[in-house]
Amino acid sequence: MTMTYLIKAENLSYKINEKKLFQNISFEVNSNSAIHITGSNGSGKTTLLRIILGISKPTRGTVETNLTSGMCYLGHKNALKQYLTVEDNLILQSIQHNKALDTLLKDIDLYDKLDVVVSNLSFGQQKKIALLKVFLNESELLVLDEPCVGLDGKAQNFLTSFLQEELAKNKSIIFSSHINLNLDAKSINLDN
Amino acid sequence: MTMTYLIKAENLSYKINEKKLFQNISFEVNSNSAIHITGSNGSGKTTLLRIILGISKPTRGTVETNLTSGMCYLGHKNALKQYLTVEDNLILQSIQHNKALDTLLKDIDLYDKLDVVVSNLSFGQQKKIALLKVFLNESELLVLDEPCVGLDGKAQNFLTSFLQEELAKNKSIIFSSHINLNLDAKSINLDN
Amino acid sequence: MNILYFELLKLRKKSRGWLGPILVFILIMTAFPLTVEFLNEDLEQAFFSILWIAVLLVMMLATEDIFLEDYNDGSLEQLVIHTESLSFVIGVKILIYWALIGIPVSLIGSIYCLGITSSFEMALLIFPVLLISSYIFLNLFCFGNSLTLTKGSVLGTLITMPLLLPLLVVLGKVVIAINLGLNYFDFLILLLGVLSIIIVIIPLIISFVIRAHLE
Amino acid sequence: MNILYFELLKLRKKSRGWLGPILVFILIMTAFPLTVEFLNEDLEQAFFSILWIAVLLVMMLATEDIFLEDYNDGSLEQLVIHTESLSFVIGVKILIYWALIGIPVSLIGSIYCLGITSSFEMALLIFPVLLISSYIFLNLFCFGNSLTLTKGSVLGTLITMPLLLPLLVVLGKVVIAINLGLNYFDFLILLLGVLSIIIVIIPLIISFVIRAHLE
Amino acid sequence: MIKKFIHQFASPKTYLKQVDRAYSYIFFTSLSIYLIAIFWGLFLTPEDFVQGHSYRIIYLHVPASFISQSLYLGMAFASAIFLIWKVKLSAYLVRSIAPIGAMTTFIALVSGSIWGIPTWGTWWAWDARIISTLILFIMYLGLISLHDSFTNNEKADKFLAILVLVGSVNIPIIKMSVEWWSTLHQSASITITQKPAIDPSMLYPLFASAIGFTGLVVCLVILSSKFHILDRERNKSWVKDYV
Ligand code: HEM
Ligand SMILES: Nc1ncnc2c1ncn2[C@@H]1O[C@H](COP(=O)(O)OP(=O)(O)OP(=O)(O)O)[C@@H](O)[C@H]1O
Ligand SMILES: Nc1ncnc2c1ncn2[C@@H]1O[C@H](COP(=O)(O)OP(=O)(O)OP(=O)(O)O)[C@@H](O)[C@H]1O
Ligand SMILES: [Mg+2]
Ligand SMILES: [Mg+2]
């Protein structure tokens with residue numbers, strides 16, 4: 001009897017201009033597990049995540065997915081429209097205005113910023129808005145590329161405990177981060 | 001005999017749309033001292049730094065400066081032209097190609113990226129390029145807004161030791177950061 | 001059909017995206033009689049020349065960063081991850097741009113036509129031509145812009161230009177056809193035919209190009 | 001004079017910034033005879049109308065994000081911190097845009113003028129007018145775009161156009177003056193006068209506006 | 001000195017007080033003047049030799065055209081004061097005049113167009129005066145949209161004032177358009193230097209209607225500025241007392 005995986009990456013290699021970025025990376029993501037991708041700047045963390053998402057193609061190797069409810073991705077770029085208010089941005093991300101959202105907004109101290117244009121928010125506040133999508137997601141796999149860049153201590157703790165809860169709910173997480181997130185995760189290092 | 005200060009901020013207050021962001025912040029920056037501005041997201045760190053730089057005007061209070069060789073500023077936005085190569089970007093920032101630069105580039109693992117277009121660099125690599133200007137600066141005051149966002153551990157250590165050296169060279173530093181930088185700095189908290 | 005609502009929401013706030021081009025159109029059409037002291041017949045002659053060029057330019061302006069913005073802020077990545085049919089989304093996006101810019105421009109163009117030629121029939125006949133040609137222009141420019149998404153280059157313009165010139169020639173012929181009471185409907189059907197091919201193929205090509213860009 | 005070199009470096013790589021507008025200019029000037037079958041005199045009549053509008057549009061395109069890019073990536077902040085004379089830098093920047101876009105467009109415009117009017121004198125006389133007017137247009141568009149820095153170029157266009165229309169009228173007059181062999185030089189001096197005022201004042205105003213924006 | 005004086009005198013609070021006192025006087029006198037002028041013009045003056053009765057729209061058209069330009073000059077004046085002495089009140093005034101200016105310009109355009117139908121046989125012509133009036137209208141719209149596009153009112157005030165001043169170069173051009181270009185449109189029939197080219201029986205009511213109309217527009221400006229000031233200063237304590 002084989003265990004079912006959500007994502008199975010086998011022997012992934014990636015070359016840019018004939019230069020190897022990483023080689024022979026294999027792993028499996030099962031439900032209720034977290035993978036922490038580490039590595040120095042430019043070691044290929046973002047690239048690997050994009051391969052998993054199916055945006056980029058690996059030079060060699062395969063990624064098999066076995067998902068029923070899709071993935072939720074947050075990358076370096078936060079996909080917010082700077083010229084729209086927070087509220088409009090939430091609409092764009094199909095986030096309904098409901099109780100859950102309200103309590104979340106209060107938790108991350110953004111309840112009074114709903115009608116502020118995103119470009120007027122601080123760096124960390126923008127990141128928090130982008131994370132709302134993650135906090136309210138309904139997919140079984142979260143793919144997070146350095147999710148706590150620019151967050152203050154309180155928000156980082158909030159994120160960690162959220163991720164812990166998600167794991168407890170049988171969800172899976174792949175994330176990259178230079179900061180340790182206090183999460184029980186298998187780590188994959190891309191430096192060679 | 002009064003001690004000479006580089007920057008003297010008195011009773012700075014800042015309001016946005018009639019809402020107070022911070023109030024009555026006073027401090028002095030003397031040579032050979034560091035100030036660490038802390039506070040949660042949106043507490044006004046960036047705003048305060050911009051007031052010190054003279055870009056924004058405080059609602060109340062004054063900033064007196066006493067600088068002879070200007071300041072060096074790195075903010076959330078890194079002032080790089082995404083469509084130019086690293087080399088061209090250095091030229092734009094008036095950074096000469098010399099030995100010091102070469103060793104620096106090697107230290108931060110970017111020596112082979114000189115002719116790569118900035119948009120092809122990873123998030124952390126871009127930040128490093130932006131930091132080059134700081135590493136090679138000749139001004140007496142460094143103003144850094146979350147300088148280690150996105151940097152890997154090695155680069156963070158490099159930055160810290162660089163800043164320590166600068167302090168030893170009688171320079172002064174004002175920086176904001178959510179991450180502790182292991183720097184002997186007076187800290188100012190903007191949360192109230 | 002969320003995409004429809006989303007695009008509308010974005011455009012509403014980003015008046016630069018749609019009101020801008022329309023305004024530029026109005027300004028061109030208003031300004032041109034100022035530039036030379038025309039006699040009235042001359043005005044009429046030059047009018048159509050200006051009209052087609054204005055429509056072309058406006059569609060160019062309108063599509064300038066139709067994909068670039070989404071690319072830069074990371075929305076395009078999200079779109080590729082979360083939508084099954086990228087080309088459908090792109091088709092809808094172009095449609096919305098046409099509805100918000102192409103249709104008003106066609107209307108305004110017809111009104112100017114009425115004002116200058118004082119011929120109600122002319123204005124009525126020119127309207128569908130404007131509608132179709134603006135849609136074709138939009139599609140072609142979108143294609144060009146998708147090709148040069150990240151390059152910030154003129155490649156898009158260079159590539160689309162040769163595609164546009166034949167269309168301009170046809171448009172010139174249409175005016176003559178109307179003036180002489182000749183085969184206007186033949187031209188209309190020709191344009192419709194071109195449009196119906198373009199409408200299907202261009203979004204497909206664009207979605208392919210965009211995926212390649214993100215890779 | 002570092003700023004001169006820097007701007008050139010940026011523009012060199014960003015061909016969309018300068019080659020683009022020039023190409024659009026060529027496109028317009030090439031396309032317009034295609035759009036209507038003109039008799040020769042009519043062509044000449046319409047030519048100048050198109051010429052001025054094309055120059056105006058091209059300058060609009062060229063300046064669309066002359067400050068926006070620097071604002072978005074944070075370079076503008078750095079500039080404000082590190083330069084004593086922001087207005088000088090802005091003046092130089094506009095000058096470079098003029099050198100890279102205004103001058104070629106003026107040249108090309110004169111060549112087209114020669115081609116269409118077959119009058120060498122006309123082309124020669126129109127050249128300085130083109131040079132001056134493109135510079136004025138550039139300045140005014142830069143002003144409009146600086147005011148609406150973050151708000152998009154529609155508003156910029158809306159604001160700038162009224163400032164430009166009087167100039168268009170004058171340009172129309174110049175053509176008539178040349179045609180009739182009348183006070184061409186009076187007009188040239190008028191334009192030069194306007195330019196010399198604008199060249200000094202606009203960069204000052206823009207630098208004030210930009211500082212206010214960053215505040 | 002001047003600065004201090006202006007700041008004391010031109011506080012929004014004193015302005016509102018003064019204006020509240022004067023408002024009803026201005027309103028009723030100008031209303032009656034305008035009504036009388038119109039009555040006079042419509043019923044007591046003879047039919048025009050060429051234009052018949054249609055010329056009587058002049059009592060709306062000319063005042064509106066005249067005011068639309070004057071309001072702009074007023075804005076330019078206030079903008080200068082704002083930029084030089086940082087008088088907030090002038091910034092408020094500039095913003096409040098803009099929509100009124102747009103309105104009167106619109107009236108001028110529409111009344112002119114209506115007038116054009118019987119006299120020129122067309123409601124629109126590409127004529128310098130008409131286009132320049134249209135430009136003025138666009139300018140007003142631009143001013144309003146510029147101010148409204150900013151959430152930060154202080155910035156918006158500054159930018160608005162700058163734009164008004166830069167745009168004021170257009171006013172003489174609009175004014176002189178009829179003299180400089182051969183057009184369909186009438187050139188000024190009343191000038192200071194020359195004898196009026198208009199029959200006195202039309203002239204006096206025209207004058208009166210201009211004065212009355214001006215007064216009414218001033219009332220509108222007062223109302224608009226009152227709204228604007230109360231909105232902008234709504235957090236100040238004096239406003240709470242005032243309301
Ligand atoms: C849309 C069309 C029109 C517009 C935009 C327009 C605009 C103007 C403007 C701006 C003025 C100047 C007021 C001043 O200098 O203080 C004016 C005055 C005048 N307009 Fe018109 N006008 C239009 C149509 C007409 C028509 C159709 C007529 C009549 C045939 C007409 C007759 C006059 C007269 C008699 C004056 C007074 C000139 C003077 O005494 O200064 N206008 N109009
Ligand atoms: N066209 C190119 N030429 C040269 N190198 C390239 C090119 N495109 C990408 N790269 C390199 O590929 C790597 C991409 O790395 P990636 O963005 O995945 O890094 P990362 O691990 O996410 O780093 P960070 O921690 O900084 O986010 C970088 O080292 C970058 O320099
Ligand atoms: N127009 C506006 N309307 C409402 N709030 C605004 C507006 N402009 C700025 N703000 C608020 O002002 C604050 C600016 O804070 P600033 O950018 O200085 O924060 P910061 O301390 O640097 O935060 P971070 O750690 O996230 O970088 C934010 O709380 C932002 O929401
Ligand atoms: Mg990365
Ligand atoms: Mg900040």
Side-chain angles (χ1 to χ4, degrees), chain D residues 49 67 71 87 136 139-177 180 183 186-187 190 193-195 197-198 200-215, chain E residues 69 72 79 82-84 86 91 98 101-102 105 126-183:
Chain D
S49 192
F67 302 120
Y71 177 83
S87 69
I136 298 179
N139 271 285
L140 291 178
F141 276 118
C142 282
F143 165 68
N145 286 330
S146 72
L147 268 184
T148 56
L149 194 55
T150 46
K151 306 298 167 192
S153 57
V154 188
L155 201 58
T157 318
L158 179 65
I159 284 171
T160 330
M161 279 294 176
L163 303 176
L164 299 172
L165 291 182
L167 189 61
L168 276 182
V169 176
V170 173
L171 292 176
K173 295 279 164 202
V174 173
V175 174
I176 296 169
L180 304 181
N183 43 3
D186 293 353
F187 277 114
L190 172 69
V194 172
L195 176 63
I197 296 172
I198 278 183
V200 176
I201 289 185
I202 292 283
L204 279 173
I205 298 179
I206 292 179
S207 74
F208 179 78
V209 168
I210 282 180
R211 274 178 213 277
H213 260 296
L214 288 172
E215 204 166 90
Chain E
Q69 295 165 41
Y72 196 96
S79 298
F82 171 62
L83 287 180
I84 296 169
K86 309 243 169 342
T105 317
W126 297 105
D127 143 308
R129 164 68 47 100
I130 294 180
I131 291 177
S132 56
T133 309
L134 183 64
I135 292 172
L136 186 63
F137 183 60
I138 297 174
M139 273 164 76
Y140 276 122
L141 293 188
L143 293 173
I144 298 169
S145 3
L146 180 72
H147 195 280
D148 288 357
S149 72
F150 287 90
T151 41
N152 185 331
N153 281 322
E154 280 74 39
K155 264 190 205 176
D157 286 345
K158 244 187 235 174
F159 294 153
L160 182 65
I162 291 173
L163 183 58
V164 168
L165 283 179
V166 174
S168 62
V169 296
N170 264 347
I171 292 301
I173 295 173
I174 294 172
K175 195 80 199 160
M176 303 311 288
S177 57
V178 210
E179 270 93 71
W180 291 350
W181 292 280
S182 54
T183 66

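Within every chain, numbering begins at 1; the chains are lettered A, B, ... in the order of the sequence lines, protein sequences first and strands thereafter. Since this is a predicted model, take the numbers as computed values, not measurements.
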For this session: Identify the two heavy atoms, one from E:Asn170 and one from D:Pro162, that lie closest to each other, and give their separation to 0.1 Å.
Result: ND2-O, 2.7 Å
Seminar exercise, completed: The reported gap from CG in D:Leu163 to CD1 in E:Ile135 (rounded to nearest 0.5 angstrom) is 9.5 Å
Exercise. Roughly how far, to the nearest 0.5 Å, is CZ of E:Phe159 from OG1 of D:Thr148?
Worked result: 9.5 Å
Exercise. Measuring heavy-atom distances to chain E, does D:Leu147 have an atom under 4.5 Å in its side chain, in its backbone, in both, or in neither?
Worked result: both
For this session: Under 4.5 Å, counting heavy-atom pairs only, tell me which of E:Met139, E:Lys158, E:Lys155 racks up the most with chain D.
Result: E:Lys155
Problem set entry | Validation row: E:Ser145, D:Leu158 side chains within 4.5 angstrom (heavy atoms) | yes
Exercise. Mind checking whether D:Phe143 and E:Leu163 have side chains closer than 4.5 Å, heavy atoms only?
Worked result: yes
Problem set entry | Most contacts with chain D, counted as non-hydrogen pairs under 4.5 angstrom, among E:Leu165, E:Leu146, E:Leu141, E:Asn152 | E:Leu146
